[in-house]
Number of protein chains: 2
Amino acid sequence: MDVMLDTEGKEKSATHGAYRRLRGMILTGELPPGQKLKIEQLRGLLDTGASPVREALSLLTSDMLVERIDQRGFRAAPVSKSNFEEILLLRCNLEETALRASIANAEGAWEDRLVLRHHHMKKASQKGAPDFEDAHKAFHMALLENAKLPLLLRYCSQLYDLNIRYRYLAAGGPSYKKRDIAAEHQQILDAALDHDADSATRHLINHYRRTGEYLSSQMES
Amino acid sequence: MDVMLDTEGKEKSATHGAYRRLRGMILTGELPPGQKLKIEQLRGLLDTGASPVREALSLLTSDMLVERIDQRGFRAAPVSKSNFEEILLLRCNLEETALRASIANAEGAWEDRLVLRHHHMKKASQKGAPDFEDAHKAFHMALLENAKLPLLLRYCSQLYDLNIRYRYLAAGGPSYKKRDIAAEHQQILDAALDHDADSATRHLINHYRRTGEYLSSQMES
DNA sequence: CTCTCCAAAAATATCGATATTATTTGACAT
DNA sequence: ATGTCAAATAATATCGATATTTTTGGAGAG
């Protein structure tokens, strides 16, 4: 049957590959909010069978990027201003908790990872690499991961992804006002390395609130 | 093929039915933590095809009640004291946020639902009805639902379910120390109806902390 | 006696096809 | 014209079967 002769960049399983690709398409808006996601159409687009597509859509349902409608299939999750504001609210709440716990557990190895991820993000940002998104998320997650609270981390990751989506929808790409986010990131990093939880959370939350207001203003479309 | 001649309590779709039943079996410990969940075995147990079982397991993965292991199938999510403590921590954090928002939006219709759900729960408790679990959850969710924050509500619901599981595992059933939870519930209800957010959240969190300590002490098994 | 490697067995992941359910189309009556 | 109902169409949900991968069990070498 499918001989799996993937000569180049492959995926372990067809399901996982479909999941990754669909997720990317929804995050970037290639599959716009509310759009009906027909199995046949996606099966052709991803060049795979119906079962992996179905299962990928199921997985995306749990990420809240896809909605299942009773017995009428799937569709890309809709967006709304209130949804965006809820995401922002929860992010501020949960990431503050996580960041404080992370700093409370501070240790050398964690700080090293932090510095490294920050460096990678800066490098990717300067040369406008396409993996800036990944590097950016990796940095933000690194800030939180030392909390060693897996559930909390998972929620933060989910909310981060939901937020990415609004960035793309508002700005059409990751070029969201390249104002001074570099400086903001630097402030957060420095405060975290100083083990100054109050300062770090203040900077982090301001970082979110500011981009939140920017996106909110753009949301009259 | 399957003529769907469900003469009695049926389910809309085979997938949804399998999801519900598997979820119940995991919550009550009928499928113990860490147990391998083989498709064939479950297919026989639930008397359905492999596809619905697979999809139900995928859905349970997002509820964090089932883990998917690379290419080696599924297993019931493991339990641990640290996992339990994280659930408790997040519940206290998220439910406080939700309850305060709920009370801030207080309106007559909401208070009516609250009183009703509380009444149903009390009734189910007295006659030891098997649907006490459902009534109990319905009451707790009613406390939060007026926040009108769907994502937050979803997280609270998920965490509630994860917690149920530990109750069953520790006590072997919903008969978890019938000490004075009725009084505790009454206090929460009264404070909520008074729009006293501070009092309500204090009682709610104490309610969780107390059962948390009780379960934590039982966890040396 | 233990370890490694290969063959047999089991389980998963995936496909193609079918039955079921929802949606659309068009004819007919009001 | 408009609204309703039925047939046709399309899409989903599910099944049975196959290919792929993992696990098991045992034989032979050290």
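Residue numbers begin at 1 in each chain, while the letters A, B, ... track the order of the sequences. No hydrogens, no waters, no symmetry mates; every other heavy atom, side chains included, goes into these values.
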DNA chain C: B/G73 or A/R72, which has the more 5' nearest nucleotide?
-> B/G73
By nearest nucleotide on DNA chain C, pick out whichever of A/D70 and A/S51 is the more 5' one.
->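 Nearer the 5' end of the strand: A/S51.
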Report the nucleotide, chosen from [options], that has the shortest atom-to-atom distance to any side-chain atom of [X].
X: A/R54; options: D/dT14, D/dC15, C/dT14; result: D/dT14
X: B/K38; options: C/dT12, C/dT23, D/dT22; result: C/dT12
X: A/T48; options: C/dA13, C/dC15, D/dT22; result: C/dC15
X: B/I39; options: D/dT12, D/dC15, C/dT12; result: C/dT12
X: A/Q71; options: C/dC15, C/dA22, C/dT14; result: C/dA22
X: B/S13; options: C/dA13, C/dA22, D/dT14; result: D/dT14

In whole angstroms, how far is the [atom2] atom of [N] from the [atom1] atom of [X]?
X: A/Y19; N: C/dT14; atom1: OH; atom2: P; value: 15 Å
X: A/K36; N: D/dA10; atom1: NZ; atom2: P; value: 14 Å
X: A/L57; N: D/dA11; atom1: CG; atom2: P; value: 15 Å
X: A/F74; N: D/dA11; atom1: CZ; atom2: C1'; value: 12 Å
X: B/R43; N: D/dA13; atom1: CZ; atom2: P; value: 21 Å
X: A/D47; N: C/dT14; atom1: CG; atom2: P; value: 14 Å
X: B/R68; N: C/dA11; atom1: CZ; atom2: P; value: 18 Å
X: A/R75; N: D/dT12; atom1: CZ; atom2: C1'; value: 16 Å

So, is the end of the B/R117 side chain (NZ or CZ) under 6.0 Å from the ring centre of B/F139 and within 45° of the ring's axis?
->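 Because its charged atom misses either the 6.0 Å distance or the 45° angle limit, B/R117 does not stack over B/F139.
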So, the side chain of B/E67 versus the backbone of B/T61: is there a donor-acceptor pair under 3.5 Å, distance only?
-> no
Tell me, yes or no, whether the heavy-atom count around B/K36 atom NZ, taken from other residues, nucleotides or ligands under 6.0 Å, exceeds 12.
-> yes
Heavy atoms under 4.0 Å, any strand shown: does B/L37 hit a base, just sugar-phosphate, or nothing?
->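 If one applies the 4.0 Å heavy-atom cut-off, B/L37 turns out to touch the sugar-phosphate alone, with no base involved.
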Examine B/H207 together with B/H140 and report whether their ring centres are nearer than 6.0 Å.
->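 Yes.
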Going by atom types alone, do B/E95 and B/Y160 pair a side-chain donor with an acceptor below 3.5 Å?
->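 B/Y160 and B/E95 do not have a side-chain donor-acceptor pair below 3.5 Å.
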May I ask you to evaluate whether B/T15 reaches the phosphate of D/dT14, defined as a side-chain N or O under 4.0 Å from OP1 or OP2?
-> yes
